[in-house]
Structure formats: structure tokens, C-alpha cells
Amino acid sequence: MHPAPSIIAFTALSGLGLGLLTYLGFGAVTPRGWSAFLWFGLGYGLTLTGLAASALHLGRPERALRAFSQWRTSWLSREAVLAALALLVLAPHAAGLVFWGRAVPLAGMAGAVLCLATILATSMIYAQLRTVPRWNHWTTPAVFLTAALAGGAILTARVELAELALPWLALTLALHWILGDRQFARSGQSPETATGLGPLGRVRQLEPPHTGPNYLLREMAYVVGRRHRMKLRVIAMILACLIPALLLGLWPGWPGLIPAAFSHLGGMLAARWLFFAEAEHVMGLYYGRR
Amino acid sequence: MTALPPPSLKKLGLVIDLDTCVGCHACVIACKGWNTENYGAPLSDLDPYGAEPEGTFLNRVHSYEVTPESGAPVTVHFPKSCLHCEDAPCVPVCPTGASYKRAEDGIVLVNEDACIGCGLCAWACPYGARELDALVGVMKKCTLCVDRIYNEALPERDREPACVRTCPSGARHFGDLGDPESAVSRLVAERGGIDLMPDLKARPVNKYLPPRPRDRLQEAPPDLAQLCEPGTEGLTGFLGWVDRTLSRF
Amino acid sequence: MHRQPRLDLSPPPSDEMRQTTCYMCACRCGINVHLKEGKVAYIEGNRDHPVNKGVLCAKGSAGIMQHLSPARLRKPLKRVGPRGTGQFQEIEWEEALSLAVSWMQPLRETAPEKLAFFTGRDQSQSLTGWWAQSFGTPNYAAHGGFCSVNMAAAGIYTMGGAFWEFGQADWERTKLFMLFGVAEDHDSNPIKMGIGKLKARGGRMIAVNPIRTGYNAVADDWLAITPGTDGLLILALIHELFRLGRIDLDYLMAYTNAPFLVQGAGEEAGLFLRDAKGTPLVLDRRTGEPAPWDAPGVQPDPAADWQGHKTVLRLMAERYLSPEHAPDAVAERCGIPAPRIRAVAAELARVAFEEEITLNQPWTDFRGQRHEVMKGRPVTFHAMRGISAHSNGFQTCRALHVLQILLGSVEVPGGYRFKPPYPKPVEAHPRPHAGVTPGQPLDGPHLGYPLGPEHLLLNEDGSARRIDKAFTWENPLSAHGLMHMLISNAHAGAPYRIDTLFLYMANMAWNSSMNTSEAMRMLTDTDASGAYVIPHIIYADSYSSEMVAFADLVLPDTTYLERHDCISLLDRPIGEPDAMNDAIRWPVVAPDRDVRGFQSVLLDLGARMRLPGMVKEDGTPRYRDYADYMVNHERRPGVGPLAGWRGEGEGSGRGAPNPDQLDRYIRNGGFYSDHLPQNARFFKPWNAAYQDWAVARGLYDKPAPYLFALYSEPLARFQRAARGLGPHQPPDHLRPQLQHAMDPLPVWYPPLGDSLSDPAEYPLHALTQRPAAMYHSWGSQNPWLRQIHGMNPLYVPKKLWEEHGFQDGDWAFLISPQGRIRIPVARMDALNERTVWTWNAIGKRRGAWALDENAPEAEKGFLLNHLIPELLPDPAGRRRPNADPVTGQAAWFDLRVRLEKAPPGAPSEPAHEAQISPVPKAPKTLARHS
């Protein structure tokens with residue numbers, strides 16, 4: 001799948017923001033006044049930036065509000081509704097801490113649950129797709145949730161939570177990659193099933209339908225070299241998990257937190273790039289891809 | 001709403017005969033022409049005379065080589081457009097309700113006025129049947145020429161999809177696959193029509209008829225040699241044959 | 001929960017629909033052109049049209065984009081820079097026409113042969129030929145010489161017609177269809193429709209082609225033949241039919257020259273034994289004595305050997321039963337296992353003789369004998385360029401025609417069927433003419449069919465009278481001329497120099513020339529004085545093609561939707577087996593540029609030069625324009641370009657000009673059909689009812705039944721000359737070539753190109769095929785079609801692919817003795833192991849066709865033409881055309897090559913410098929909506 005910067009930014013930033021807001025909502029930290037303003041501002045800011053980035057991906061962004069209508073069937077619609085609800089429901093809690101120095105735990109808890117639900121909904125947009133076997137797997141929601149929780153823990157400076165979440169993130173990422181590598185084969189799809197010509201013999205593409213590029217190929221038949229992928233996986237793992245864990249272990253205070261947060265974000269951007277770039281759509285079988 | 005409607009009795013679709021398709025792309029261009037002028041936004045082309053021309057097409061013809069266990073490879077031309085699936089995975093994923101399946105005949109359409117161009121329906125489609133038009137930013141797909149098949153402004157004989165009307169080799173058939181007695185259903189039954197990627201459970205309405213067995217003439221049938229009178233070998237044999245034949249006149 | 005929007009299910013498709021004829025290839029299908037607000041909106045096939053019955057190919061449907069192409073020329077152009085660079089100045093028509101007349105008129109008065117007028121994909125050859133004849137130059141032809149003259153000429157000499165416009169399979173009834181060497185050459189929609197019908201009925205198809213694409217892909221059996229060996233295969237099939245006694249003896253006795261006696265010795269050896277009146281003789285079994293073949297009650301002995309004079313059938317049996325024609329002897333060279341050849345022969349025989357079909361339709365033959373039924377052998381064939389574009393193509397095509405005659409499947413139910421105005425035997429065609437008198441018309445039509453050496457167009461000293469050396473000993477039966485030799489000969493001044501080269505719709509500076517880079521050089525070459533070797537070049541075309549850049553004067557033509565045309569019975573007709581048809585084009589929209597239909601321009605030029613037939617007695621133009629000519633011109637009294645609605649509107653074929661004629665065509669959808677009566681539909685060459693029907697319509701002036709020529713006596717006359725007999729003698733160096741190439745019975749010899757290239761050094765055959773969605777070079781200006789074929793790789797068979805270690809995206813050098821090109825490669829498995837191939841005419845010169853200079857057509861497209869010489873090497877230094885020695889057909893497919901891995905990356909080489917585009921820049925996006 002095409003690793004579109006808008007979608008990578010969307011999932012990485014909103015995941016981080018929602019992770020932060022989850023901790024804030026649950027009261028893992030209860031900042032007050034300016035520090036609450038900064039923390040909630042960061043959480044809202046990251047989430048809204050991510051959502052805005054996702055709108056860039058749309059062909060007709062001016063119609064984005066229509067996406068709130070189909071929550072009964074569409075995970076994308078659910079995500080939009082849940083994100084809006086999460087930010088709304090969390091608002092009294094945030095406002096209470098910023099302006100009055102008082103938490104509104106009910107709103108905070110409900111908001112936090114909605115944040116997690118939003119992350120889950122985002123992940124389900126991908127995980128639901130039988131057409132992309134690598135995504136169509138429990139590790140997709142697992143990665144999205146552990147990433148949000150690890151990132152949120154770093155941003156909330158809850159080092160012990162971060163040190164707990166980061167190994168889980170490392171584990172889910174590794175599982176997503178390793179198990180994901182087998183997913184396409186496990187899906188059983190091949191040029192033979194795609195064309196239905198399997199009973200006649202082995203199928204290979206002779207000519208593509210058009211010699212020029214098209215939307216399908218650009219969007220869904222992205223090809224990334226294996227060596228490049230492996231290098232990026234290592235980099236993503238080191239930046240997203242290993243370095244933050246080391247930094248927080250060595251300097252549990254602010255000196256460790258800021259570089260850890262940036263390293264984690266960098267690693268997650270790489271991981272998200274891989275999440276898309278490595279994912280193969282069965283449609284590519286028609287074009288001799290895979 | 002993007003919930004799929006209750007299954008319709010009428011299931012309009014195409015049956016594509018891979019035994020007969022010569023890969024001429026006539027259907028591709030007839031489709032492009034009709035749908036550029038009709039249903040929704042025109043199908044655009046970017047850089048049409050340039051280094052990387054790229055346009056929207058609702059139907060494309062692939063070419064494959066199929067190599068059997070033994071024997072010569074076979075070339076198969078393979079037209080592909082929306083299969084109007086019964087469990088169309090592109091419909092429920094749509095966040096706006098733009099993508100829908102018609103309750104009365106099962107045609108899968110995009111209401112372009114409601115489409116935000118998120119592209120998720122194209123991701124959900126196993127068959128690469130949906131293309132986001134780069135110029136208007138909405139999803140385009142085969143409409144089964146819904147604006148032809150019921151069109152009272154067209155002569156009755158023209159009320160079929162543009163690709164079917166134009167196909168020179170008669171490799172494309174249009175009809176009601178929900179009716180087991182329809183011509184298309186009978187064709188599917190006779191020729192062993194197949195679904196593409198059935199495991200993905202989209203239950204496509206369009207069916208493909210596999211190529212008939214190829215390259216059967218490997219050895220002369222032994223009975224023919226026996227059928228010939230003895231002595232047709234060589235010139236003498238031939239002259240004898242001529243004599244015997246003439247005597248029968 | 002489900003909700004859906006309300007749709008308008010009955011939008012009007014257009015404001016208005018106009019019916020005309022397609023011009024996106026040479027099929028000439030009927031089209032419905034839908035207009036919205038006066039502009040073309042959509043094109044579809046005309047369901048009532050005899051050619052396509054509603055269907056339309058990709059090119060046809062994309063016609064709208066051709067009509068709107070940014071490459072359309074806009075105004076006459078006069079060259080202002082060096083030739084080939086594309087620097088022009090737009091001028092007015094009056095200046096353009098005066099300039100053309102100022103070049104041509106003096107030639108007509110002094111040396112008409114110094115004008116060479118050649119047309120390419122011209123569909124108005126009866127006009128252009130008539131014009132050239134009226135001008136008085138012998139130098140006129142169309143593109144048949146590099147197209148398929150072998151097929152046409154072999155068919156005419158053998159049976160009075162070939163494939164495509166001459167005839168086709170009985171698609172309604174045939175059960176087995178065998179196709180040789182056809183990609184998408186011609187007759188494309190009818191063949192696709194026919195294959196569809198055949199398959200729907202459960203009929204079967206065998207394809208013989210090195211490459212399994214297109215029609216070959218849907219064939220039930222595919223014979224991956226090695227190029228140039230089709231003749232060997234066909235003769236092996238004939239061997240098998242003779243061996244098995246599976247030839248239609250009744251048919252051969254009744255309708256062919258099989259029982260004719262051929263003189264075995266003496267001065268006239270090889271010619272038919274004739275009586276005093278000149279009638280060929282057969283051996284009458286009743287008397288044991290020779291008798292005229294058409295004597296009442298004669299019972300010919302088909303296998304006679306009378307005093308050393310043997311019948312044609314006997315000669316054939318002797319030749320084809322010999323072991324050298326056995327499947328085992330040819331299998332290796334053909335690349336097809338012998339058992340498979342035997343299986344195919346057995347299948348042809350089985351279907352022909354065991355699945356015979358009978359129509360309960362009485363008919364009467366030319367002998368006056370009534371037949372109660374029509375019996376048919378449901379086996380049919382079709383072939384085109386793949387077998388004809390070899391230097392052994394004429395004989396191979398002859399072999400194929402003979403094969404279908406031996407099976408008794410020509411002009412019978414289920415078999416091959418002629419399309420009126422065919423059949424037309426060689427005797428009924430004209431002879432070639434080149435009699436030049438300054439200021440006067442030529443002494444007759446340029447092109448024709450020689451019956452013997454006396455019909456060659458040679459001067460007293462043996463030199464050629466035509467610039468292309470057509471109808472000379474080098475290629476005696478060059479019925480379509482040799483357009484491919486035009487530039488080379490004109491440049492070399494061999495046989496003489498010309499002054500003005502006038503071309504119409506022929507991309508001779510690119511894909512329509514062999515040895516393209518050299519052709520481009522010849523067009524721009526100068527003499528010692530600095531003047532161009534070819535002093536004047538006038539070119540007429542609709543689009544900014546590669547050839548435009550080489551013209552001194554460009555006459556811009558209209559698009560096909562803006563013009564009148566006639567698809568005439570006098571030209572290349574569109575008959576069906578059951579009907580005589582013709583059609584028109586008419587301006588369904590007006591041009592928005594200062595352009596004129598070329599045919600009208602030609603008539604205008606003719607009138608300005610006062611050419612006979614083009615001016616009235618008072619010197620004013622006889623025809624207002626081409627439309628006026630189409631209605632009012634008469635070739636013979638009562639016979640004109642259009643057959644329909646003559647006289648008061650009832651005349652079919654014959655009748656006075658009818659001023660309402662074009663209206664009648666337009667009201668009828670742009671075409672005219674006149675159907676045959678039931679009893680005239682088959683056995684046309686011998687069917688009295690057909691002959692009478694054809695005479696009534698002016699197709700013949702009197703009934704002209706004839707016999708098929710298994711043995712071709714005109715060829716024997718040339719062979720006899722080669723033996724030193726007769727008053728017309730070839731130069732000595734051509735005697736051996738004539739002796740084997742002009743064999744009166746089909747024969748196979750290796751393609752001459754094989755002697756040009758050492759097969760060990762150049763082990764591969766290189767071919768091009770026309771893709772179904774592109775027609776020559778035209779398609780690349782069409783944004784819909786160029787997305788399908790924007791570049792062309794060289795397809796390499798799997799074995800070779802692996803030997804060279806190629807990977808996807810690799811490039812290779814392709815090398816022939818002529819030169820080397822660097823090109824992208826791709827793998828193909830369903831391909832003859834000794835063959836590489838690519839799609840034809842995708843490669844473009846930078847700057848042409850209004851495309852971006854970095855267009856993939858220039859970056860990753862290429863032409864094989866660069867590798868094909870127009871001349872074969874000759875030890876004596878003679879100019880020996882790379883062509884069939886019988887007809888002069890360009891031997892494109894003889895090309896031998898070798899392959900080497902090359903550094904990857906565009907552009908393909910040779911990379912020619914860009915030409916300057918004379919048309920405005922093309923738009924950046926397209927989203928047409930009326």
C-alpha cells in the first residue's frame with residue numbers, strides 16, 4: 001500500500017495524542033493550570049493535527065463532515081465519531097484542570113475510554129480489510145493500542161508505565177512484522193486464484209492492461225525492497241522502543257523524556273511507513289505484483 | 001446508508017468468456033467514452049499527451065500466460081471491471097453512504113455527490129475495480145451502465161452496457177444472474193463459470209467462463225489411416241485412388 | 001438500514017446522432033456519431049451496418065479523441081528551415097495551391113514521370129489513381145507493396161480473390177477455421193465477430209503464428225511456427241491430403257484447371273496444351289484423346305499422362321507426394337512436431353469430408369447444368385501479413401489458396417466466400433501501364449496484373465519505366481507497386497531522378513519505411529550544388545506526423561468526421577458474401593481549422609492544371625469538390641464511384657448520376673447494400689444466377705465464369721522466359737531467381753533474407769505485430785489509446801530470456817547486419833523459441849504527434865525498421881530490393897537478428913533529435929464533458 005505521508009502522520013500523531021489523552025483522562029497524571037494546559041494542549045493538538053492530516057488524504061476534504069454519518073457500518077465513520085466524542089467528553093475534565101485545578105473524573109474516565117475506542121476504531125479500518133492480509137490480523141489493533149499507550153506514557157512522563165508499555169510495543173511490532181510476513185501466503189491468494197485460471201496451470205502476467213501508471217498501482221501496489229524493509233524495521237524498533245527505554249532508564253526525568261519522545265515518534269513514523277509500504281493488497285496479483 | 005440491502009432477486013451482472021476474448025480493448029474504450037459523457041463526473045486523463053499519461057478507466061484488460069504441467073503456454077486476455085458483489089466489501093466501509101448497492105438489481109454504485117474521496121472502498125475491493133478520479137477527487141467505478149440498461153431514450157436493443165454492445169467477439173454477456181433460467185445463468189452452468197478469489201467471500205455476481213482445453217491436436221487419429229484404402233502411399237497409390245474415385249462418379 | 005439516491009435512468013444520450021464510416025483503421029465500420037450542442041460527444045458502432053453490425057473496436061470508439069487531437073494541422077505550411085527540422089510558416093491555401101501547381105505543371109508539360117505521387121493509407125485510390133493517370137505520370141501507387149500484395153496477387157492469380165475485401169469465411173456455417181500469420185492486420189472487427197460466432201456454435205480454430213496473442217490466444221490449437229516456413233507447413237498438409245486421398249476430386253474436375261494438360265517438353269514446355277483456337281485441352285476419358293476442356297460432355301481424366309503431357313493434378317501429386325514434403329521432413333524447420341502436422345491435416349480432412357453440409361438450394365452452373373443442392377465443406381482459412389511479408393510470401397500465399405481449393409472449400413457453404421465485386425479472375429483485371437506522353441494522360445491504369453513478360457513495364461534498353469521498378473524482371477507481378485523503394489530509388493536516381501515527390505497519408509520518414517534513419521537522411525540529402533537531391537516534397541496529412549517535418553509544402557487534411565469519402569466498389573470495397581455494399585463519409589461536423597479534404601484539394605489542383613476529366617470544355621472546374629465527384633463522376637457510362645440509388649433512385653450499380661444520391665446514403669446510415677438472390681449466393685465464379693446478377697449491376701460487362709488456377713500459367717510464361725525462350729528475355733543474373741520464384745505450382749524456398757544474414761550469426765527472427773488497439777502511427781496522438789500502448793518492449797522467449805539472464809526492466813541490443821538498436825525487453829513464454837517480437841509503430845520521433853518530447857513513445861518505444869535494409873547485398877553491386885521476387889512485396893518479416901544484454905535505461909536508441917512541432921502545445925489535463 002502507498003505510504004502516504006498524510007496517513008502516516010495521521011495515524012502516528014493522533015495515536016500519540018490519543019494515548020496521551022487516555023492517561024490524562026484516567027488521571028495517571030493530574031496536572032493543573034498551565035501545566036494542564038500544556039499537556040492537554042499537546043494531546044488535543046497532536047490528535048487534531050493528525051485528524052487534519054487525514055483530511056488531506058481526501059479527494060473532497062470539504063465534504064469531510066459527511067464521514068460522521070455511517071457509524072453503524074463503517075469503521076472510518078466510527079473513528080471520526082469516536083474521536084469527536086472523545087475530545088468532547090474529555091473537555092470538561094481538561095477545562096476543570098486547566099481553569100479550576102479540579103479534575104472531572106467521570107468525564108476523564110469516559111473520555112479515556114473513548115480515546116482507546118478511537119484508537120481501536122482507527123486500527124480496525126485496516127484490520128477489517130481481507131484484501132490486505134498483513135493488516136487483517138489481531139496484531140494490527142495490538143500495535144495501534146500499544147503504540148498509543150507507550151507514546152502516551154512517555155509524554156505523560158510516567159516512566160514506570162513507559163518502561164512497561166515499551167516492551168509490549170516492541171513485542172507487538174515484532175509479531176506484526178514476523179506474523180505479517182506469512183499473512184499473504186496464509187490468505188491463500190495467488191495469481192491463480194485471482195484469475196481463476198489455476199486449474200489450467202501457473203499464471204504470470206504477460207502485459208499490464210495499460211503501459212502507463214494508474215491509481216490502483218500507485219495506491220495499492222507499492223513495492224519496497226526486502227533489504228530496505230529489514231533495515232527500516234531495525235531502525236524503527238531502535239528508535240521507537242529501545243532508545244526511549246534506555247533514555248528513560250538512564251535519565252528518568254525531563255532530560256531523558258524529551259529526546260525519548262522524539263525518538264519514539266521518529267521510530268513510530270518509520271514503523272507506520274512500513275505498516276503501509278509492506279502491506280500488500282491482493283489486487284496487486286492482477287498486476288503481477290507480489 | 002452503507003448497509004447492504006437485503007439480497008435482491010434480480011442480480012444484474014456480466015459473464016465474461018475467457019475462451020473468446022481476444023484482448024482487443026474495445027470494451028475498455030467504449031466504457032471510457034460512454035462514462036466520460038454520462039453518469040457523474042467525466043473520466044479524466046492527466047498529462048494526456050505527456051511523459052506519464054494517467055487516466056481513470058472503469059474497465060481494463062489484463063493479459064496472462066498460463067503454463068500447464070505439460071504443453072504449450074496459453075495466453076489469456078482478462079477484462080476486469082466491478083463484479084457487483086453480493087457481499088460487496090466496498091459498501092459497508094464507506095463512511096459517508098456514497099457507496100451503495102441498489103436494492104432492486106444489485107448494481108453497486110457511488111453517489112458522487114456524497115463521496116469524500118477517502119479511497120477506503122477501493123482498498124476494500126479485492127479486484128481493483130474502483131479508481132479515484134484525480135481531477136474531481138471522487139471514486140469512479142463500473143455502473144453496469146445503469147444509465148443505459150433502463151434508458152427509455154435509447155432503442156430497446158441498445159439497452160445494455162456499452163462494453164457488451166461494442167465487444168466484437170461476443171465475449172461479454174449481460175443479464176440477470178439471479179434468474180437461473182436467464183441466458184447468462186445457463187451459460188455459466190454450461191461452461192462452468194467461476195468466481196474470482198471466492199475465499200474472500202465477496203460473492204461476485206460477475207462470472208468468468210474459463211478457456212476451453214487447448215492444443216488437443218497432438219497425434220493424428222489412428223483410425224484415419226485405417227479409413228484410407230490401402231495403397232494411397234506414393235504416386236502409384238494416389239493414381240489408384242483417383243481411379244477408384246472416378247469409377248464411383 | 002439501506003437508503004439509495006434516486007437516479008435519472010433515462011438521460012438522453014445526445015442531441016443528435018449522425019451515421020458515417022469509421023477511419024480509425026481500414027475496416028471501414030459504420031459508426032453512430034453522437035453530438036451534443038454540435039460537438040462530437042460519443043461514437044459507437046452502427047448496428048445496421050454490414051461490416052460491423054454494431055460492434056466497434058477500441059480504435060473506433062476512441063475516434064473522438066483522434067478527431068480532437070492536438071496534433072491536427074491547422075493551415076497550409078511552407079518550409080522555412082532545413083528539411084527534417086520541422087520549421088514552417090503558415091500560409092494561405094491560395095499560395096499553397098499555386099506553389100504546388102508551379103512545381104507540377106512544368107513537369108506535366110515536359111517530363112510527367114518526374115512527379116511521383118504515392119499514397120499511404122489512402123481509401124480513395126480510384127480517385128488518386130485516376131488523377132495520376134490524367135496527369136500522365138507512371139509513378140503512382142499506394143501502400144500495398146509494403147502491406148499485403150503477396151496475399152492479394154496470389155489470390156487473384158489463383159482464384160480471383162484473396163482475403164479481407166475479396167472474401168471471407170462463411171462465418172455462419174464454418175466448423176473449422178485455420179488462421180495463418182494474423183495479428184490485427186486487417187478486417188479486424190469482422191474476424192473477431194466471426195471467431196465469436198464460430199466459438200458460440202462450438203466450432204474450432206487452429207492458429208499458425210510464432211506468437212500467441214490476440215486471435216491466436218483464443219485458438220483451440222496453436223502451432224508456434226518458425227517465421228518464413230509457413231509454406232513448408234502448408235505443402236506438408238497438402239502432402240498429407242494427397243497421401244490420404246482427401247482432396248475433393250469432383251470439385252477439382254469441375255471448377256479448377258486440375259485436369260488441364262501441361263506440355264512436358266519443347267518450346268512451350270510448362271504451358272497448357274491448347275487447340276488451334278487456344279482452348280486448353282484435357283484428356284477425354286471417353287476417347288482417350290485430348291479435347292477442349294469446355295467441350296460438351298467431356299469427361300476429363302484428372303491424372304492423365306498423355307505423350308509426356310501431364311495433367312496439373314498429376315504434376316501436383318508427383319511434386320507434393322515426394323518425401324521432401326512429408327511432415328517428418330519439415331518438422332524441424334517449421335518448429336512443429338510431425339505428429340502435430342499430421343493431426344492437423346487429419347482434422348482438416350475430417351471436417352471437410354465427414355462434416356459436409358448441404359443446403360437445399362438448387363442452382364445452375366455456367367455449363368447449364370442444374371444442381372439440386374449446394375454442398376459445402378465447412379473448413380475455412382484466413383491469412384494476411386504474417387505469411388505475405390516474406391520474400392517467399394507470394395508462393396506461400398499461393399500454397400494456402402491451393403490448399404483450400406484442394407479441400408473443395410472455396411465458394412461453398414461453410415467455406416471461403418467471395419464478396420462482390422469479387423470474384424474477378426486475373427484476366428478480368430487490367431494490365432499495368434506506363435506509356436508517358438508529355439502534356440497527355442498516361443496510356444492506361446498504372447497498376448494491374450501481367451499475364452506474361454510482354455506486360456512488363458520496361459524500356460527498350462531493359463531499364464524500368466517506373467521509379468519503383470515495379471513490373472520489371474526483379475519483381476514482375478508487382479501489382480501494387482513498390483512504395484518502399486520510392487525514396488531509395490529517387491535518392492539514388494535509379495532508374496532516374498524525379499523532381500517532385502507528392503505523398504498523401506504515408507509516414508515514409510518513420511514507420512512506413514525500411515531502414516528509417518537512412519530514409520530520413522535521403523530525404524534531406526543535398527547534391528554538390530547544395531540543392532536537395534529530391535527537389536520538392538509535397539505532403540498531405542491531417543496530423544503532425546514524422547513525415548510532415550520533411551515536406552517543403554504541407555497540405556492539411558481534415559479529420560475523418562469532417563470530410564466526404566467514398567468506400568467505392570471501384571476501389572477497396574466492403575462487400576459481404578451475400579451483398580454488394582458501398583458507403584460514404586460525410587462531414588458530420590465542420591472543421592474548426594483552415595483545412596480541406598485532400599480529395600477536394602486534389603480535384604482543385606487537377607482543375608488548375610487543366611487535367612483531362614477535371615475541367616469542363618470552358619476550362620472551369622468540372623467538380624465543385626469531392627462530394628460532387630462522388631455523385632457525378634462516371635468511370636463508364638452509368639457506372640460511378642457510388643453504386644446505390646443511381647438514376648431516379650432505383651439504380652443499383654448502373655444508372656445515371658442522381659443529385660440526391662448522398663442524401664439517400666445519409667438517410668440509410670451512410671451505406672448501401674444490395675443482396676444476392678438465394679440461388680446466387682454460392683459457387684459465384686460458376687453460378688449463372690450470380691453472373692447475371694453481377695452483370696446487371698455493372699460488376700462485369702458480360703458473364704465471365706472461369707476456372708481456378710491450381711497451376712498458374714502466367715508464372716510459367718516467366719519461367720519459360722528465364723529458360724531463354726520467347727521474345728522477352730530477362731537479364732542473365734535474374735534467370736535463376738525467376739526460374740525458382742516463378743514456379744507455376746506452389747513452392748517453398750528459404751526467405752532471401754536468410755542468405756543476407758548468416759543464420760548462425762543472426763539466429764533469431766524478429767517480427768512486429770499490430771496491436772488491436774492501435775493503427776500504425778496514428779494511435780499515439782490518442783490519449784486513450786496511448787495509455788494502453790505507450791511504449792513497446794521486445795518480447796523474448798523464455799529460453800533466451802534465461803540464457804541471457806534478463807530481469808524485468810532490462811534492456812538489450814538488437815542487432816542485424818543493418819545495425820543495432822537498444823531497447824527494453826520483456827519475457828514471453830507463448831512464443832516460438834527462435835523469435836523475438838514487438839508491437840508495431842509505437843515508437844515515435846520526439847516532437848511528432850504533438851506529444852511531449854519525453855513521451856514514453858520516444859523514451860521507451862522503438863521501431864524495428866532501423867534494422868531492416870531496403871536493399872539486399874549483391875556481389876555485383878546491383879540494387880536488389882529486399883522484397884519478394886515475384887511481387888516486390890517488402891520482406892519485413894525476413895529480418896534476422898541477434899540479442900545482447902545492454903546497459904539499462906531510457907532513451908531507446910537510435911534517439912533521433914526532436915522535430916519542431918508546427919502545432920500548439922497539447923493540454924495538460926482532459927476531462928471532456930459536453
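Computation of the quantities below employed the complete heavy-atom set of this structure, encompassing side-chain atoms and omitting hydrogens, waters and symmetry-equivalent molecules. Lettering of chains follows the sequences in order, A, B, ..., and the numbering in each one begins at 1.
Contacts of A219(C) with chain B are made by backbone atoms alone, with heavy-atom separations under 4.5 Å and no side-chain atom involved. Contact of I788(C) with chain B is made through the side chain alone, with heavy-atom distances under 4.5 Å. Residue R60(B) does not touch chain C at all, counting heavy-atom pairs closer than 4.5 Å. At a 4.5 Å heavy-atom cutoff, M205(C) makes no contact with chain B through either its backbone or its side chain. Interface residue A850(C): only backbone heavy atoms are found under 4.5 Å from chain B. Only the side chain of L239(B) comes within contact range of chain C, with heavy atoms under 4.5 Å apart. Heavy-atom distances place the side chain of L7(C), and not its backbone, under 4.5 Å from chain B. Looking at D158(B), the atoms closer than 4.5 Å to chain C (heavy atoms on both sides) sit in the backbone and in the side chain alike. With a threshold of 4.5 angstrom between heavy atoms, P923(C) approaches chain B through its backbone and through its side chain. Residue contact with chain C, scored on non-hydrogen atoms closer than 4.5 Å, involves the backbone and the side chain of L217(B) alike. Within the 4.5 angstrom heavy-atom criterion, no atom of A171(B) approaches chain C. Residue D305(C) does not touch chain B at all, counting heavy-atom pairs closer than 4.5 Å. Of the atoms belonging to I247(C), heavy atoms from both backbone and side chain fall under 4.5 Å from chain B. Contacts of T56(B) with chain C are absent, with no heavy-atom separation under 4.5 Å from either backbone or side chain. Heavy-atom distances place the backbone of Q781(C), and not its side chain, under 4.5 Å from chain B.
For the options E54(B), H25(B), K101(B), heavy-atom pairs under 4.5 Å to chain C are most numerous at H25(B). For the set P771(C), A772(C), A858(C), the entry with the most heavy-atom pairs within less than 4.5 Å of chain B is A772(C). No other option in L56(C), N189(C), D852(C), L851(C) has as many heavy-atom pairs under 4.5 Å with chain B as L56(C). Ranking V344(C), L9(C), T925(C) against chain B, the residue ahead of the rest is L9(C), based on heavy-atom pairs under 4.5 Å.
Scanning for ring-ring contact (aromatic ring centres under 6.0 Å, His included) contacts around Y64(B) gives H62(B), F78(B), with sequence neighbours left out. A search for side-chain hydrogen bond (donor to acceptor under 3.5 Å, both in side chains) contacts involving D105(B) returns R102(B), Y150(B), not counting sequence neighbours. Applying the salt bridge (charged side-chain N to carboxylate O under 4.0 Å, His left out) test to E52(B) and every residue at least two apart in sequence or in another chain returns nothing.
For the pair R148(B) and W34(B), the cation sits on the ring face: its NZ or CZ lies under 6.0 Å from the ring centre, inside 45° of the axis.
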Verdict with supporting geometry, R340(C) and D221(C), salt bridge (Lys or Arg N to Asp or Glu O under 4.0 Å): CA-CA 10 Å; R340(C) 199 145 159 73; D221(C) 277 270; 3.1 Å; yes

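Contacts from residues 161-169 of chain B to chain C, taken as heavy-atom pairs separated by less than 4.5 Å, involve A162(B), R165(B), T166(B), C167(B), P168(B), S169(B) in sequence order.
The NE2 atom of H84(B) lies 7.5 Å from the CG atom of L109(B); values are rounded to the nearest 0.5 Å.
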